[in-house]
Each structure stands twice: as C-alpha cells, then as structure tokens.
Amino acid sequence: MITSSEVSASPCSAQWQFIDRKTIEQQVLKLQKRIAKATREGRRGRVKALQ
C-alpha cells in the first residue's frame with residue numbers, strides 16, 4: 001500500500017514540466033503524415049520503420 005502523497009515513475013519526472021509541447025506536437029504531426037503517406041502507398045516496411 002502506497003501511503004506517500006507523491007507518486008512518480010522516476011526521479012526525473014519533474015523534467016516533464018519543461019518540455020516544449022508545441023514543438024513535440026509539430027514533430028508528431030509530421031511523423032503521422034509520413035506514416036499515413038507510406039500507408040497509402042502500400043509501403044508496409046516503411047510504415048513499420050516509422051512507427
């Protein structure tokens with residue numbers, strides 16, 4: 001049973017506060033577009049590599 005009010009996955013979890021979320025979201029969107037394009041073209045190996 002956990003009695004501590006603080007729960008974290010790792011000692012570095014405080015670093016999540018300092019992530020530039022806008023930049024990450026832009027990178028994820030670009031990657032999603034690349035995956036969708038490879039899927040449309042039937043390039044299954046490329047899709048797997050991008051995932």
Side-chain angles (χ1 to χ4, degrees):
M1 183 168 129
I2 299 174
T3 58
S4 174
S5 62
E6 181 179 335
V7 177
S8 66
S10 69
C12 314
S13 64
Q15 294 177 355
W16 283 103
Q17 298 173 15
F18 303 106
I19 290 177
D20 184 5
R21 296 188 189 278
K22 186 175 181 179
T23 302
I24 299 298
E25 287 175 1
Q26 289 172 345
Q27 291 174 347
V28 169
L29 181 62
K30 286 181 184 180
L31 186 55
Q32 287 174 331
K33 288 179 181 181
R34 290 175 65 193
I35 292 170
K37 181 180 177 186
T39 301
R40 282 193 307 269
E41 294 172 354
R43 300 180 65 192
R44 301 177 100 190
R46 186 67 181 153
V47 171
K48 189 172 182 176
L50 289 169
Q51 288 176 340

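For the atom pair CG (D20) and CD (Q27), the distance works out to 9.0 Å, reported to the nearest 0.5 Å.
Hydrophobic clustering places V28 together with W16 (ILVMFWY residues linked when any side-chain heavy atoms are closer than 4.5 Å, directly or through intermediates).
Looking only at side-chain heavy atoms (C-beta outward), R46 and R34 come within less than 4.5 Å of each other.
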